[in-house]
There are 2 protein chains.
Amino acid sequence: MNTNGRTPSASTPLGAELDRRQTIYDAMVHLIYLKGYNGAPLRAVAESIGIRMPSLYHHFASKEDLLLEIMSRTMNDLTESVSTAINECGSDEPEHRLRAAILAHVAFHAERREEAFVADSELRALDADNRALIASLRDKYEELFAQVLRDGRSKGIFINLDERLALNALLGMCSQVSVWYRSGGRLTIDDVSKGYSDLFLSGVLSPH
Amino acid sequence: MNTNGRTPSASTPLGAELDRRQTIYDAMVHLIYLKGYNGAPLRAVAESIGIRMPSLYHHFASKEDLLLEIMSRTMNDLTESVSTAINECGSDEPEHRLRAAILAHVAFHAERREEAFVADSELRALDADNRALIASLRDKYEELFAQVLRDGRSKGIFINLDERLALNALLGMCSQVSVWYRSGGRLTIDDVSKGYSDLFLSGVLSPH
DNA sequence: GTCTATATCTCGATAGAC
DNA sequence: GTCTATCGAGATATAGAC
């Protein structure tokens, strides 16, 4: 008997399978976002989508495999989004490229805030091998910003600040958007991404 | 000065009791920092300080009580530190007061990074009542920065940025210090706190 | 693909001896 | 104040029917 009120589609098994995987993925993201990986029981994930817990194992090999997919997919999508934004901003000037990168990073952390938050906070839940894998994706991602910052500094466009410090300040500030942003709230994604890039580029002091 | 606001006495049983409480507190902080509240078993906390798990219950009523003490003590100490820094900076100018607040916030998040990280990330592990209690402490803390930002904006010293956005950007940037800072590393606390306050006040663009 | 039933383990917490 | 022993709940994961 079907207890979840859905209509199973008998015609496209592959499509249905991908839909189911995505439904599980989304439910898992949401619960980890709310309670953390270790506070998100698979029973609750299953219940939230109207199936029983053992059924999840038809779609995923283990709980950690599911977390790994969330983190790797998110990191890859984020990297592609920011990389594209930098390359297609139509400028070689570090200021414009940095602004484009910040806009893309902030937009991603607002639009896909739960995934981004999980990717940023659950490294510690992975075992050593998987942790190293995601850490390398993160390093590759951060290098996108590091290159822009280096370029701007060597051209004298940016001040002579320690690169690692500037990178940590920037990413720390922009990634926190996934913690507090609410879609439909007072601030739009454009408000936030423009405000953040203005702030990082020019600071809070009025020109004088 | 001791960090828990109590008056320790060296040779009495009460002093020994406080030492033991502090040892448990520190071990719990460290394990939650590494693995999160739900990934930090009390058995491991006890083992790390050479006692058995049930002995912990002589010092704390429950696991959540221990977390609550960590978060409330940390928030109170942080608030006092930043509040004192603002009031004793010897200036009424918003720029100087903001700089003093940032220096104190960053220093705290570097010196007591594990406690600060736990206080910033484990709100979700508390039940509704305790969560509301810590959230109110956090609101009170953030108001310290909000007042300085408001004051600076109304005086025309700061640019006309949305207050909540600026506050989130600032605290997000500065609180992340607890994630990456390593004492004894390449950057001193002074390097970080000065670099961060310069960045937030003036941005990364070179003056032109 | 989903189910029921279950194995195995670990968790927080308590009881009571010393 | 710490110990051993234990309880009951809930976790991930597996087996096998349908």
Side-chain angles (χ1 to χ4, degrees), chain A residues 1-28 31-32 34-70 122 124-127 130, chain B residues 8-29 31-32 34-70 122 124-127 130:
Chain A
M1 178 169 310
N2 176 359
T3 57
N4 62 9
R6 290 167 191 277
T7 6
S9 113
S11 54
T12 53
L14 183 59
E17 158 67 7
L18 290 176
D19 284 351
R20 192 48 126 181
R21 273 181 73 92
Q22 186 61 43
T23 303
I24 295 170
Y25 176 104
D26 291 341
M28 180 77 162
L31 233 130
I32 297 180
L34 290 178
K35 292 290 181 181
Y37 178 79
N38 284 301
L42 290 180
R43 275 187 175 80
V45 174
E47 188 189 14
S48 76
I49 61 172
I51 62 176
R52 305 282 183 162
M53 185 261 284
S55 306
L56 297 175
Y57 285 86
H58 181 76
H59 305 278
F60 292 95
S62 71
K63 188 184 181 185
E64 184 169 339
D65 258 37
L66 184 42
L67 175 63
L68 180 64
E69 174 163 338
I70 292 168
E122 293 294 354
R124 64 189 177 192
L126 297 171
D127 70 21
N130 290 334
Chain B
S9 53
S11 55
T12 66
L14 184 59
E17 157 68 6
L18 290 176
D19 284 351
R20 191 50 126 181
R21 273 181 72 93
Q22 186 61 42
T23 303
I24 294 169
Y25 177 105
D26 291 341
M28 180 77 162
V29 165
L31 217 86
I32 296 179
L34 290 178
K35 292 290 181 181
Y37 178 77
N38 284 302
L42 289 180
R43 279 184 172 80
V45 173
E47 189 189 14
S48 76
I49 60 172
I51 63 176
R52 304 283 183 163
M53 186 263 283
S55 307
L56 298 175
Y57 285 86
H58 181 75
H59 306 277
F60 291 95
S62 70
K63 189 185 182 188
E64 184 170 339
D65 258 38
L66 184 42
L67 175 64
L68 180 64
E69 175 162 338
I70 292 169
E122 294 293 353
R124 64 187 176 193
L126 296 172
D127 69 21
N130 290 334

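Model, not experiment: these values are computed from the prediction. Computation of the quantities below employed the complete heavy-atom set of this structure, encompassing side-chain atoms and omitting hydrogens, waters and symmetry-equivalent molecules. Quick note on labels: first sequence line is chain A, next is B, and so on, each numbered from 1.
For the pair B:His58 NE2 and C:dA13 P, the computed distance is 17 Å after rounding to whole Å. What separates NZ of B:Lys35 from P of C:dC11 is a distance of 12 Å, to the nearest Å. One interatomic measurement links the two molecules: CD of A:Glu47 to C1' of C:dT4, which rounds to 17 Å at whole-angstrom precision. Atom C1' of nucleotide D:dG1 and atom NE2 of B:His59 are separated by 6 Å, given to the nearest angstrom. When the P atom of C:dA15 is taken as reference, atom CZ of B:Arg52 falls 21 Å away, rounded to whole Å. Regarding B:Arg21, its CZ atom lies at a distance of 13 Å from the P atom of D:dT2, rounded to whole Å. With rounding to whole Å, A:Ile24 atom CD1 is found 10 Å from C:dG1 atom P.
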Grab the N/O contacts between the protein and nucleotides 12-16 of chain D below 3.5 Å, and write none if there aren't any.
| residue | atom | partner | partner atom | Å |
| --- | --- | --- | --- | --- |
| D:dT12 | OP1 | A:Leu42 | N | 3.3 |
| D:dT12 | OP1 | A:Lys63 | NZ | 2.9 |
| D:dT12 | OP2 | A:Leu42 | N | 3.0 |
| D:dA13 | OP2 | A:Tyr57 | OH | 2.6 |
| D:dA13 | OP2 | A:Lys63 | N | 2.9 |
| D:dA13 | O5' | A:Tyr57 | OH | 3.2 |

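Looking at B:Arg124 and B:Tyr37, their side chains never come closer than 4.5 Å, going by heavy atoms from C-beta outward. Considering only heavy atoms from C-beta on, A:Met28 stays 4.5 Å or farther from A:Phe60 through its side chain. Taking the side chain as every heavy atom from C-beta outward, B:His58 and B:Arg20 never approach each other to under 4.5 Å.
Atom CG of A:Asp127 sits about 4.5 Å away from atom CD of A:Glu64, to the nearest 0.5 Å. Distance check, rounded to the nearest 0.5 Å: CE of A:Met53 to CZ of A:Arg43 gives 3.5 Å. How far CG of A:Asn38 is from CD1 of A:Ile32: 9.5 Å, rounded to the nearest 0.5 Å.
Counting heavy atoms of neighbouring residues, nucleotides and ligands inside a 6.0 Å radius, atom CZ of A:Arg52 does not exceed 12 of them.
Note that the two end axes of the helix from C:dG1-D:dC18 to C:dC18-D:dG1 enclose an angle of 0°, each drawn from 5 base pairs, rounded to 10 degrees.
Remark: A:Ser55 is in phosphate contact with C:dC3, judged by side-chain N or O atoms under 4.0 Å from OP1 or OP2.
Here the options are B:Leu42, B:Ile49, B:Val29, the test is side-chain contact (heavy atoms from CB on, under 4.5 Å), and the partner is B:Ile24; only B:Ile49 passes.
Between the side chain of B:Lys35 and the backbone N or O of B:Pro41, no donor-acceptor pair lies under 3.5 Å.
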